[in-house]
Every structure is written in structure tokens, then in C-alpha cells.
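Down below is the structure, laid out as C-alpha cells.
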Amino acid sequence: MSARLRGKKIIVTAAGQGIGKATAIAFYNEGAQVIATDINPKTLTELNSEYPNIKVQKLDSTSKNAISEFIKEIDKVDVLFNAVGFVHHGTILDCEEKDWNFSFDVNVKSMYLMCKAIIPLMIKQNGGSIINVSSIASSLKGLPNRFVYGATKAATIGLTKSIAADFVKKNIRCNTIAPGTVFSPSWQERVNNSPDPVQAKKDFIARQPMGRIGTAEEIAAMAIYLAGDESTFTTGNTFSVDGGMTI
Ligand SMILES: NC(=O)c1ccc[n+]([C@@H]2O[C@H](COP(=O)([O-])OP(=O)(O)OC[C@H]3O[C@@H](n4cnc5c(N)ncnc54)[C@H](O)[C@@H]3O)[C@@H](O)[C@H]2O)c1
């Protein structure tokens, strides 16, 4: 265990599995005090049994009321890591209005609400770092069958840049990580639920010139950098971690 984040209090959303979970653990291993949140209490209980010193709290990041209740108990936040996201599969022709609304609620509104609740605390304590998880499927790259997902993840990049611009003088930094394809439970589900899982896995791997998909820990490594004091001159930027997908 090293201590690049010692003394920092960090809130992680979608920490029950995948990138959020790996990042919560990585932050904890770097000495941070971590509050891991997710809508799914079962995965949080598992995380807490593996890491009893990571505090877990059920939180629906799309609920303004739930966030208001949650924030009442919080006195200080140095870092907010927003990882909530959902992948809708299909083109615009497969995306009904309810799919559009759901994707924007989960992928964008969650980040808007969490940032809006936590920025006042960061202003009071004279600084902080916000890290929002976007995707290569965004304004960075158009990918087939990622219509509304790509739109939401482009919005994440815009939201990040706007926050960075508005609060740069308050010592609040806001950056985005854009992962390529990364192993996670929902990725595994996308493979399993496809008509030909063997081919689907090959196709996912082929998108990365490195010839493999990434690990959640490889995303967490970038998050440690952006959360810590090594990145204090860095704001409003998007950091691709993608196995060469955007070379
Ligand atoms: N896995 C990938 O290939 C990949 C690639 C690029 C970007 N991303 C992004 O990374 C993030 C994490 O994805 P993943 O694949 O690692 O994890 P995942 O999709 O397997 O898990 C998502 C987590 O979000 C939680 N969640 C869903 N709705 C929520 C809500 N309203 N409030 C709180 N929690 C909620 C779920 O319970 C779950 O624990 C997402 O934003 C995703 O879009 C993932």
C-alpha cells in the first residue's frame, strides 16, 4: 500500500462493480478515506466484507432527494468519482424516447446532480477534484450501435469542461476519463446476451489495437493520478485509456 491519496476524502458512485469498484479499492489502497456508493446494496455489501474500512452507502445517483439526504452526513469531499453509466445497444432507430430519457438520466443527470450537490462543499473547503467517466464512444469516436450511449458520453465531456471552466478559480478541477473496452460485469453481460457471444467477444477485442480489452484497474490507475496532487495543473481535459483505440 502506498499513500498518494492519504488524507483525502473521496466519494465514488457506481462502486458496486466494474470500474467504480476497482477505483474505490485503488483509492483506498492509496490511503484515501472512501465512501463507496451504488444503487445495488448487494454488491456494496460484498465490497464492504472484502474491505471493511471502505464505507458503503446505497445511493441512487439519479435521485435528487436521495443525494440531498446523503450529502447531509458529509462534511468534506476532496474527490468525487462519477462512474454511473448504462449502455443502450442500437442505432437511433432502436432508441425510443424512453430509452433516450433513461440513458440521459443515468449517464448525465446522475453526474449533474452529484456535482451540483458536492461543488458547494468543495468551494467551502477551497478546492477539490471531480472525475467523470465518459467513454471513447462519445465525441471522441462514433461506434456502431452506441447511438444514445455515445450522445450521453459526449455530454459528459461537455459537462466536465463547463464545470472546469466555471470553477477553475475556486481550485476545483474537473476531468474526464474515456475508457476503451474494459472487462466488467455489464460488459460480460453484453457479450453473453449477443446473438453470437464468441464473435461478439472477438469484435470487442478487435476494436483495441493492443489486441485485448482493458482491466478496471487500468482505468483506476488514471483515476488515482487525477484524484491526487500530481495532477494539480490539470483540469477540463479528457484522458483516453483505450488500448490504442483512438491512435
Ligand atoms: N466497461 C466498459 O467497457 C466501459 C467502457 C467505457 C466507459 N465505461 C463507463 O464506465 C462506467 C462503469 O462501467 P462498468 O462497465 O465498469 O460498470 P458496470 O456497468 O458493470 O456497473 C455499473 C454500476 O452502476 C450502478 N448503477 C446503475 N445505475 C445507478 C444509479 N442510478 N445510481 C447508482 N449506481 C447505479 C450499477 O448498480 C453497477 O454497480 C460507466 O459509466 C460506463 O459507461 C465502461
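In each ligand, atom 1 is the first atom listed, and ligand 1 is the first ligand listed.
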> Looking only at non-hydrogen atoms, which of L113, V87, I39, V106 approaches atom 35 (C) of ligand 1 most closely?
Replying inline: I39
> Can you name the nearest heavy-atom pair linking E230 to Y225, along with the distance?
Replying inline: O-CE1, 3.6 Å
>> Can a side-chain donor-acceptor contact be found between D94 and T91 if the only test is distance below 3.5 angstrom?
In response: yes
>> Does ligand 1 come near enough to P179 that some N or O of the ligand is less than 3.5 Å from an N or O of the residue?
In response: no
>> At less than 4.0 angstrom from any non-hydrogen atom of Y149, what atoms of ligand 1 do you find?
In response: 6 (C), 7 (C), 8 (N), 9 (C), 42 (C), 43 (O)
>> Out of S135, S184, A14, who is nearest to atom 17 (O) of ligand 1 when you count heavy atoms only?
In response: S184
> What atoms in ligand 1 come closer than 4.0 Å to a heavy atom of G18?
Replying inline: 16 (O)
> After noting the C-alpha distance and the side-chain angles of F102 and V148, does the key distance pass the side-chain contact (heavy atoms from CB on, under 4.5 Å) rule?
Replying inline: CA-CA 10 Å; F102 180 78; V148 67; over 6 Å; no
> T43: heavy atom below 4.0 Å from ligand 1, yes or no?
Replying inline: no
> Starting from atom 1 (N) of ligand 1, which protein heavy atom do you reach first, and at what distance in Å?
Replying inline: V182 O, 3.1 Å
>> Under a 3.5 Å threshold, yes or no: a donor from one side chain and an acceptor from the other, between N65 and S63?
In response: no
>> Under a 3.5 Å threshold, yes or no: a donor from one side chain and an acceptor from the other, between H88 and R146?
In response: no
> Where is the tightest heavy-atom contact between E30 and R4, given as atom of each residue plus distance?
Replying inline: OE1-N, 2.9 Å
>> Could you check whether K55 pairs with E73 (Lys NZ or Arg NE/NH1/NH2 to Asp/Glu carboxylate O, under 4.0 Å)?
In response: no
>> For atom 13 (O) of ligand 1, what's the nearest protein heavy-atom neighbour? Residue, atom name and distance, please.
In response: I19 CD1, 4.4 Å
> Atoms of ligand 1 less than 4.0 Å from T62 heavy atoms?
Replying inline: 31 (N)
> Which atoms of ligand 1 sit under 4.0 Å from any heavy atom of S186?
Replying inline: 15 (O), 18 (P), 19 (O), 20 (O)
>> Under 4.0 Å from a heavy atom of T181: which atoms of ligand 1 are those, numbered in the order shown and with their elements?
In response: 3 (O)
> Which atoms from ligand 1 have a heavy atom of N40 less than 4.0 Å away?
Replying inline: 37 (O)
> When you measure from atom 33 (C) of ligand 1 to each heavy atom in L59, I219, T13, which option holds the nearest one?
Replying inline: L59
>> Suppose I only count heavy atoms of P185 and a 4.0 Å limit; which atoms of ligand 1 are within that range?
In response: 20 (O)
> Are any side-chain N or O atoms of D38 and backbone N or O atoms of T43, one a donor and one an acceptor, separated by less than 3.5 Å?
Replying inline: no
> Considering distance alone, does some N or O of S61 sit under 3.5 Å from an N or O of ligand 1?
Replying inline: yes
>> Testing the 3.5 Å rule here: is there a donor-acceptor pair between the side chains of N82 and N132?
In response: yes
> How long is the span from the CG atom in D60 to the CG atom in N40, to the nearest 0.5 Å?
Replying inline: 11.5 Å
> Cluster question for you: counting only ILVMFWY and a side-chain heavy-atom cut-off of under 4.5 Å, with indirect links fine, are I219 and L47 together?
Replying inline: yes
>> Quick check against the 3.5 Å criterion: does R173 have a side-chain atom that pairs as donor or acceptor with the backbone of L226?
In response: yes
> Any heavy atom of K21 sitting closer than 4.0 Å to ligand 1?
Replying inline: no
>> Ignoring hydrogens, what is the shortest heavy-atom contact between L44 and A15? Give both atom names and the distance.
In response: CD2-C, 4.5 Å
>> Looking at ligand 1, is there an atom of it that comes within less than 4.0 Å of some heavy atom belonging to G180?
In response: yes
> Can you find an N or O of D38 that's nearer than 3.5 Å to an N or O of ligand 1?
Replying inline: yes
> Numbering the atoms of ligand 1 from 1, which are under 4.0 Å from a heavy atom of D60?
Replying inline: 30 (C), 31 (N), 32 (N)
> Among the heavy atoms of F183, does any lie under 4.0 Å from an atom of ligand 1?
Replying inline: no
> Any chance the side chains of S194 and R190 put a donor and an acceptor closer than 3.5 Å?
Replying inline: no
> Tell me, which protein residue and heavy-atom name are nearest atom 9 (C) of ligand 1, and how many Å apart are they?
Replying inline: V133 CG1, 3.7 Å
> Just going by heavy-atom distances, which of A83, S134, A66, G85 is nearest to atom 12 (C) of ligand 1?
Replying inline: A83
> Looking only at protein heavy atoms, which one is nearest to atom 20 (O) of ligand 1, and how far off is it?
Replying inline: Q17 NE2, 2.7 Å
> Is the shortest distance from a heavy atom of G20 to ligand 1 less than 4.0 Å?
Replying inline: no
